[in-house]
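Accompanying notes for the structure given below.
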2 protein chains.
Amino acid sequence: MMTVELDPSVLTGADLFDVLDAQDRAEVLRVGVVRRLPQGKRIFAQGDPGITCHSLLEGRVKIVQTRPDGAQSVIRFIGPGEMYGTVAALMDMPFPADSVAVLDSLEIYWPVKVMRELMTRFPQVAIRSAASAGHRLFELQNRVGELSGERVEQRIAHALVRLVRQAGRRTDEGIEIDFPITRQELAEMAGSTLHTVSRTLASWDDRGITASSRRHIVVRKLHVLLDMADHGAS
Amino acid sequence: MMTVELDPSVLTGADLFDVLDAQDRAEVLRVGVVRRLPQGKRIFAQGDPGITCHSLLEGRVKIVQTRPDGAQSVIRFIGPGEMYGTVAALMDMPFPADSVAVLDSLEIYWPVKVMRELMTRFPQVAIRSAASAGHRLFELQNRVGELSGERVEQRIAHALVRLVRQAGRRTDEGIEIDFPITRQELAEMAGSTLHTVSRTLASWDDRGITASSRRHIVVRKLHVLLDMADHGAS
DNA sequence: CGTGACGTTGACGAACTTCAACTCCTGTGG
DNA sequence: CCACAGGAGTTGAAGTTCGTCAACGTCACG
């Protein structure tokens with residue numbers, strides 16, 4: 001494992017730590033371990049004991065659940081500044097899903113024991129962490145609602161809207177998803193198959209709603225997507 | 001609104017408060033409002049500002065999400081001793097779903113301001129609350145996985161297993177769901193329709209797996225149900 | 001004893017998945 | 001620099017699951 005030189009500013013964007021001043025951030029950094037994650041690297045595995053809390057510094061990580069029959073679903077994508085694995089670790093439970101780097105990435109992690117100390121010393125960190133868990137709770141509640149009633153096209157629209165919010169970058173072509181994503185992954189977000197996603201994107205491309213290519217999606221007409229997401233209007 | 005005479009022991013079963021001694025529990029009770037909930041009463045509505053934290057003392061409450069097209073999904077059922085509405089309130093957000101009493105029930109609630117004070121004075125209450133939110137997070141994550149790949153029968157099996165764990169009562173006939181539940185509600189838990197649930201239960205009844213009647217379900221062969229839930233074996 | 005809410009059952013077909021065969025990139029090693 | 005291997009994507013056709021429509025039972029309660 002290599003050690004990487006970093007100055008405290010790398011934690012600036014992190015939800016959990018931007019409430020701290022530079023000195024405290026330096027302290028938080030000092031007690032964590034920074035490491036590179038090559039693309040495809042599995043950071044932790046579903047079922048492993050949750051003994052580490054992670055925060056992404058650069059790149060992109062996906063959280064994937066595998067079911068007994070082997071089918072996978074993408075629970076969420078993690079961007080720079082987001083924490084993951086934290087809830088399981090703090091609750092002393094096994095990780096409920098795998099986490100995999102989808103890009104060459106950089107993370108910092110702490111043994112849960114250390115994170116607990118940090119949270120005691122810096123209660124704002126604990127509060128932020130709880131708030132983030134709360135938001136995820138609501139988001140999952142919405143997803144349960146979506147998955148249990150909506151048609152596939154609508155669910156794919158929802159998934160894509162979510163990606164736009166989380167990883168959308170404005171360009172003159174429209175809003176671009178800023179990391180490479182496959183149809184398979186989009187299917188695993190929407191609870192569908194890569195075939196159906198492929199057909200759906202093809203149709204949206206035809207209608208000028210999106211412009212998609214290999215592992216790359218640009219949303220050209222977000223309003224249409226939003227419409228589909230909550231009316232189901234085609 | 002009527003006031004109800006209660007002694008502190010009513011909070012004994014409550015996850016959140018059984019860490020407190022009798023005196024502290026009495027204090028917690030004193031600052032809350034106890035009220036009866038007739039069957040069908042809506043306690044709070046999706047979109048309402050979350051300004052109250054609730055705990056069920058007796059009866060049964062369902063948390064239901066309504067989507068723009070009018071379709072509903074049952075997010076969870078609340079039993080005695082469970083909290084609800086708390087996460088939204090503490091996060092100062094609108095309630096993300098309706099809550100409705102499915103039986104004549106009894107609840108206690110606190111303005112969120114008061115709950116925050118209680119949590120400051122009794123940090124164990126805050127810790128319990130966070131742990132409970134964490135468990136719900138994992139449960140929802142699993143449900144997302146289930147809803148996005150599994151076949152209907154398997155999803156209904158999951159829903160029923162969940163009900164057994166939460167509201168199962170051993171009888172000599174098998175394990176009985178201890179509150180009245182309609183096929184419609186089971187369908188809304190499993191992301192299906194009352195028709196499919198009706199057919200599925202009929203088939204299970206034939207095979208001796210369950211014994212269902214009007215708003216009433218007894219599970220006779222839990223192992224078969226568990227098998228179906230995670231193998232998909234029929 | 002009538003009026004709703006709840007439940008059942010059959011027929012039908014749309015929506016998707018599954019299967020299969022092909023194409024097109026992209027990176028790698030000879 | 002080219003060949004080729006494997007990942008990613010496309011597209012048609014076949015097959016199934018399940019939702020939808022419709023009509024009818026039945027239980028509970030006033």
Side-chain angles (χ1 to χ4, degrees), chain A residues 38-40 62 67 69-74 100 102-104 146-157 159-160 177 179-206 210-218 228 232-234, chain B residues 38-40 62 67 69-74 100 102-104 146-157 159 177 179-206 210-218 228 232 234:
Chain A
Q39 185 180 33
K62 64 175 173 181
R67 285 182 300 99
D69 69 354
Q72 301 198 310
S73 34
V74 173
V100 177
V102 294
L103 280 182
D104 289 338
E146 292 161 17
L147 286 169
S148 62
E150 296 175 355
R151 305 255 164 248
V152 171
E153 189 183 40
Q154 204 173 346
R155 299 203 307 264
I156 298 172
L160 193 44
I177 306 305
F179 66 95
I181 183 168
T182 64
R183 323 265 135 152
Q184 177 70 44
E185 285 166 334
L186 194 48
E188 285 168 4
M189 291 181 74
S192 178
T193 61
L194 81 158
H195 308 278
T196 302
V197 169
S198 176
R199 286 185 240 267
T200 305
L201 282 181
S203 144
W204 290 351
D205 283 0
D206 285 351
T210 54
S212 66
S213 54
R214 191 173 232 241
R215 292 165 52 98
H216 187 234
I217 304 175
V218 176
M228 283 196 308
S234 180
Chain B
Q39 187 179 29
K62 64 175 173 180
R67 285 181 302 99
D69 67 355
Q72 300 198 311
S73 33
V74 173
V100 178
V102 294
L103 281 181
D104 287 339
E146 291 160 18
L147 286 168
S148 61
E150 295 174 355
R151 305 255 161 252
V152 172
E153 189 182 43
Q154 204 173 346
R155 299 201 308 263
I156 298 172
I177 305 306
F179 66 96
I181 182 168
T182 65
R183 323 267 136 154
Q184 178 70 44
E185 286 165 334
L186 194 47
E188 285 168 3
M189 292 182 73
S192 178
T193 62
L194 82 158
H195 307 279
T196 302
V197 168
S198 176
R199 285 185 242 267
T200 304
L201 281 180
S203 145
W204 290 351
D205 282 0
D206 285 350
T210 54
S212 66
S213 55
R214 192 172 235 244
R215 292 166 58 100
H216 186 235
I217 304 175
V218 177
M228 283 196 308
S234 178

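This is a predicted model, so every value here is computed, not measured. Numbered from 1 within each chain, the chains take letters A, B, ... in sequence-line order.
Rounding to whole angstrom units, CZ of residue A:Arg215 and C1' of C:dC25 are separated by 12 Å. Atom pair B:Asp206:CG and C:dG7:P shows a separation of 17 Å (rounding to whole Å applied). Look at NE2 on B:His195: it is 12 Å from P on C:dG7, rounded to the nearest Å. Between the CD atom of B:Gln39 and the C1' atom of D:dA28 there is a distance of 12 Å, rounded to whole Å. Note: CZ (A:Arg155) to P (C:dT17) measures 7 Å, nearest angstrom. The distance between atom CD of A:Gln184 and atom P of D:dT10, rounded to the nearest whole Å, is 13 Å. Across the protein-nucleic acid pair, B:Glu188 atom CD and C:dC6 atom P stand 11 Å apart, rounded to whole Å. The separation between A:Leu194 atom CG and C:dT18 atom C1' is 11 Å, rounded to whole Å.
Scanning all heavy atoms of the two residues, the minimum distance from A:Arg183 to A:Arg214 falls at NH2-N, 4.3 Å.
The residue A:Thr182 sits close only to the backbone: its heavy atoms come under 4.0 Å of sugar-phosphate atoms, none of a base. Within 4.0 Å of B:Arg199, counting heavy atoms only, lies at least one base atom of the nucleic acid. A:Arg183 comes within contact range of the sugar-phosphate backbone alone, with a heavy-atom separation under 4.0 Å but no base atom that close.
Phosphate proximity of D:dG9 to A:Ser198: absent, as no side-chain N or O sits under 4.0 Å from OP1 or OP2. Within the structure, a side-chain polar atom (N or O) of A:Ser192 is placed less than 4.0 Å from OP1 or OP2 of C:dT17. In terms of phosphate contacts, A:Thr196 brings a side-chain nitrogen or oxygen within less than 4.0 Å of OP1 or OP2 of C:dT17.
Of the listed residues (B:Ile177, B:Val218, B:Asp205), just one forms a side-chain contact (heavy atoms from CB on, under 4.5 Å) with B:Ser212, and that residue is B:Asp205.
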Which side-chain N or O atoms in residues 192-201 of chain B pair as donor and acceptor under 3.5 Å with protein atoms at least two apart or in another chain?
unit_1, atom_1, unit_2, atom_2, d
B:Thr193, OG1, B:Thr196, N, 3.2
B:Thr193, OG1, B:Thr196, OG1, 3.2
B:Thr200, OG1, B:Thr196, O, 2.7

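Listed for the A:Asp104 side chain is no donor-acceptor partner under 3.5 Å among the backbone atoms of A:Pro38.
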Item to complete: Report the C-alpha distance between A:Met228 and A:Trp204 in whole Å, list the side-chain angles of each, state the deciding distance to 0.1 Å, and finish with yes or no for side-chain contact (heavy atoms from CB on, under 4.5 Å).
Response: CA-CA 11 Å; A:Met228 283 196 308; A:Trp204 290 351; 3.2 Å; yes
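For B:Arg214 against C:dC6, a side-chain-to-base donor-acceptor contact under 3.5 Å is present.
Both A:Arg151 and A:Ala202 sit near DNA chain D, but only A:Ala202 has its closest nucleotide nearer the 5' end.
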